[in-house]
Amino acid sequence: MAACLCPRAGCGPPSLMPAPGLQLASSSHVASLNPLVSSWLHCSQELISDGSVVCAEALWDHVTMDDQELGFNAGDVIEVMDATNREWWWGRVADGEGWFPASFVRLRVNQDEPADDEALGTGHGGDGDGGAEAQSSKDQMRTNVINEILSTERDYIKHLRDICEGYLRQCRKRVDMFSEEQLRTIFGNIEDIYRCQKAFVRALEQKFNRERPHLSELGACFLEHQADFQIYSEYCNNHPNACVELSRLAKLSKYVYFFEACRLLQKMIDISLDGFLLTPVQKICKYPLQLAELLKYTHPQHRDFKDVEAALHAMKNVAQLINERKRRLENIDKIAQWQSSIEDWEGEDLLVRSSELIHSGELTRVTQPQAKSQQRMFVLFDHQLIYCKKDLLRRDVLYYKGRLDMDGLEVVDLEDGKDRELHVSIRNAFRLRCGPSGESHLLCARKPEQKQRWLKAFAREREQVRLDQETGFSITQLQRKQAMLNASKQQAVGKPKALGRPYYLTRQKHPALPTSLPQQQVLVLAEPKRKPSTFWHSISRLAPFRK
């Protein structure tokens, strides 16, 4: 079986699932979750039995190496051929047939979807009765989508309440088993999500038209709460840490029994805690799909049309923002590893203020008072610019030389010619001027296009800082600590850091060669494939290399 992200307990095709008793309990609980869904699945299976085509849309990728399972990508349309098992269905896509987890897809609200507006009777030239009938059908479709949105939101609220009251509240009582830091790692900000979702559901129900559901105006609710949905970013970014911690605790029987007792006391369905905690991640990705379907059945003259259209765009942006933040947090490990590779590092860690690499490259730094030129490697992050010196022999080794605070810098583009401050001729130059101190740094690129790339990079850095302030993006102390710890581990198992003095002046232990191997053969294997050089000849004569 291939590993997958299915939140179900007992993940696997029906033939490979747990004992029937366990599966039966899970199925009965699932059925009790939502009678509408249970009825819907029953009707879908009847349609399949009658020979009708039942389609589902993939919410997430399903990657598998098992020839009995069906692989697909998010957004694919799958023909459901057998839905008798509640957890694993048999389906078909273009590449073949196989089992797939039902939790990875959602059945289409309306299976008989019209191909275009003409089929709905909204095109020109249709007769009046046919147009009215088609519009009535479209109104019913919109009603179905609205009912589904409200139904899934109510189920989701119950789900969040069960986690907060059934698990988190019980965990807080056991100070002998859980620290506050552990609980923050496992549950993240799920209580904040619970509070926001309760307000969101109340807003949806206020906009719901019970007498004529298709006239309900839900788009405005999403627009009013779009800022609140950004709190999912913190939760989604923390979720991998929660999985790691739960995996560690799952090895200890007392935690396994405790979590199972919590589930039973709260009368929750037969899913493990990590499966429950995955739901908010899935939920925020589902909103654009629901809104897209709602928009599809909303007439352009409907009062809700513009709001639904704007809400769809807004929720796509929220999902994109969450993905971007996830990428940023994945990059902090790389930033920490880069810092750990720098020799003679001074001052605070990069991650205290920065989380994004903007640009890097070599520049010539002209310093006062003698206008001395220095070749340095500059690396631009958000909030700060680091400059380093390359090792003369090992060009991949960098020595820390300093940093500039970008928050207090002004970037001044300079024309080629004579510099008024240092009285030297300059080309492809710009000056970084520190506002409070008045200190300035003259930097020169080798080519005009390199200079332009740097000027654009400085503008991007300021824009990145502005966006982070607007969206409230920041790295927690725990995330920063974990990234630095990962970097130190990587450094320990990776290549050794450069020594304080040139490597060819340092004695290093080496493995003893077998005496049976002729010395001349060893020398031939070790000989570098390069032209003779007097420099390397001189190096080989240095005393530490002599026997």
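Keep in mind that this is a model prediction, so the values were computed, not measured.
Counting non-hydrogen atoms of neighbouring residues, nucleotides and ligands closer than 6.0 angstrom, the CD atom of E181 reaches no more than 12 such neighbours. Residue-environment remark: NZ (K283) exceeds the threshold of 12 foreign heavy atoms within 6.0 Å.
How far OG of S179 is from CZ of R184: 7.5 Å, rounded to the nearest 0.5 Å. Of the inter-residue distances, the one linking L291 atom CG with M315 atom CE reads 7.0 Å to the nearest 0.5 angstrom. To the nearest 0.5 Å, atom CD of residue Q226 and atom SG of residue C221 are 12.5 Å apart. Considering CD1 of I193 and CG of D228, their distance stands at 11.0 Å, rounded to 0.5 Å. Residue D349 holds its CG atom at 4.5 Å from CD of Q339, rounded to the nearest 0.5 Å. Remark: D139 CG to H214 NE2 distance equals 4.0 Å, nearest 0.5 Å.
Under the 4.5 Å side-chain criterion, counting only non-hydrogen atoms from C-beta, E324 is in contact with R327. Two residues are said to be in side-chain contact when any heavy atoms from C-beta on lie closer than 4.5 Å; L204 and L218 meet this criterion. With a 4.5 Å cut-off on side-chain heavy atoms, S247 and D274 do not count as touching. Looking at heavy atoms from C-beta onward, Q182 lies in side-chain contact with L249 at the 4.5 angstrom threshold. At least one side-chain heavy atom of F259 sits under 4.5 Å from a side-chain heavy atom of C171. Put simply, the side chain of L70 does not reach to within 4.5 Å of the side chain of F104, judged on heavy atoms. Using a 4.5 Å cut-off on side-chain heavy atoms (C-beta onward), I190 and C164 make contact. Side-chain atoms of C196 and I231, non-hydrogen and from C-beta on, do get closer than 4.5 Å to each other.
Between R466 and E463, at least one side-chain N (NZ, or NE/NH1/NH2) sits under 4.0 Å from a carboxylate O, which counts as a salt bridge. In this structure, R106 pairs ionically with E293, as a charged nitrogen and a carboxylate oxygen lie closer than 4.0 Å. Salt-bridge formation is not detected for the pair R195/E191: no Lys NZ or Arg NE/NH1/NH2 atom is positioned less than 4.0 Å from an Asp or Glu carboxylate oxygen. Here D468 pairs with R328 in a salt bridge; the nearest charged N to carboxylate O distance falls below 4.0 Å.
Remark: the backbone N or O of H383 is paired with a side-chain donor or acceptor of E461 at under 3.5 angstrom. Between the R92 side chain and the E79 main chain, no donor and acceptor come within less than 3.5 Å of each other. A donor-acceptor distance shorter than 3.5 angstrom exists from the side chain of D382 to the backbone of S355, with no hydrogens or angles considered. Remark: the backbone N or O of Q337 is paired with a side-chain donor or acceptor of S340 at under 3.5 angstrom. In terms of modelled atom types and a separation under 3.5 Å, the side chain of D82 and the main chain of T84 share a donor-acceptor contact.
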Next on the checklist: I'd like to know whether R480 forms a side-chain contact (heavy atoms from CB on, under 4.5 Å) with I332, so could you lay out the CA-CA distance, the side-chain angles of the two residues, the decisive distance to 0.1 Å, and finally the verdict.
Outcome noted: CA-CA 8 Å; R480 183 166 60 245; I332 68 174; over 6 Å; no
Checklist entry - Given the rule in the side-chain contact (heavy atoms from CB on, under 4.5 Å) test, do R263 and L273 qualify, once you have shown the distances and angles that lead to the verdict? => result CA-CA 8 Å; R263 185 188 68 80; L273 177 55; over 6 Å; no
Item to check | F178 and F258: CA distance, side-chain angles, deciding distance, ring-ring contact (aromatic ring centres under 6.0 Å, His included) verdict | outcome: CA-CA 12 Å; F178 302 96; F258 174 79; 5.6 Å; yes
Item to check | Chi angles and distances behind the side-chain contact (heavy atoms from CB on, under 4.5 Å) call for N147, F208 | outcome: CA-CA 9 Å; N147 286 335; F208 179 63; 3.9 Å; yes
Item to check | Intermediate values then yes/no, salt bridge (charged side-chain N to carboxylate O under 4.0 Å, His left out), E245 and R248 | outcome: CA-CA 5 Å; E245 181 64 17; R248 187 183 69 84; 2.7 Å; yes
Checklist entry - Between Q469 and V465, does a side-chain contact (heavy atoms from CB on, under 4.5 Å) hold up when you go through it step by step? => result CA-CA 6 Å; Q469 290 174 345; V465 171; 3.8 Å; yes
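Side-chain polar atoms of E148 and N144 form no donor-acceptor pair below 3.5 angstrom.
Considering every non-hydrogen atom in both W88 and W99, the closest pair reads O-CZ3, 3.6 Å. Summarising the geometry of G166 relative to C262, their closest heavy-atom pair is O-CB, 3.3 Å, with the distance given to 0.1 Å. Nearest approach of T152 to Q290, heavy atoms of both residues: OG1-NE2, 3.3 Å. Residues Y235 and L277 approach most closely at OH-O, 2.6 Å, considering heavy atoms. A pairwise comparison of heavy atoms in F381 and L357 identifies CD2-CA, 3.8 Å as the closest pair. In plain terms, the two heavy atoms of T185 and N238 that are nearest each other are O-ND2, 2.9 Å.
Taking the six-membered ring where tryptophan is involved, the planes of Y287 and F229 are tilted, since the angle between them lies from 30° to 60°. Using cut-offs of 30° and 60° for the angle between ring planes, the W89 and F100 rings count as perpendicular. Between F200 and F222, the ring planes are perpendicular. Angles over 60° get that label, and only those under 30° would be called parallel.
For the ring pair (Phe, Tyr, Trp, His ring centres under 6.0 Å) test with H159, the passing option among Y167, F276, Y194 is F276; the others fail. Under the salt bridge (charged side-chain N to carboxylate O under 4.0 Å, His left out) rule, E217 has a single partner from R212, R303, R142, K306, which is R303.
With sequence neighbours excluded, no residue forms a salt bridge (Lys or Arg N to Asp or Glu O under 4.0 Å) with E309.
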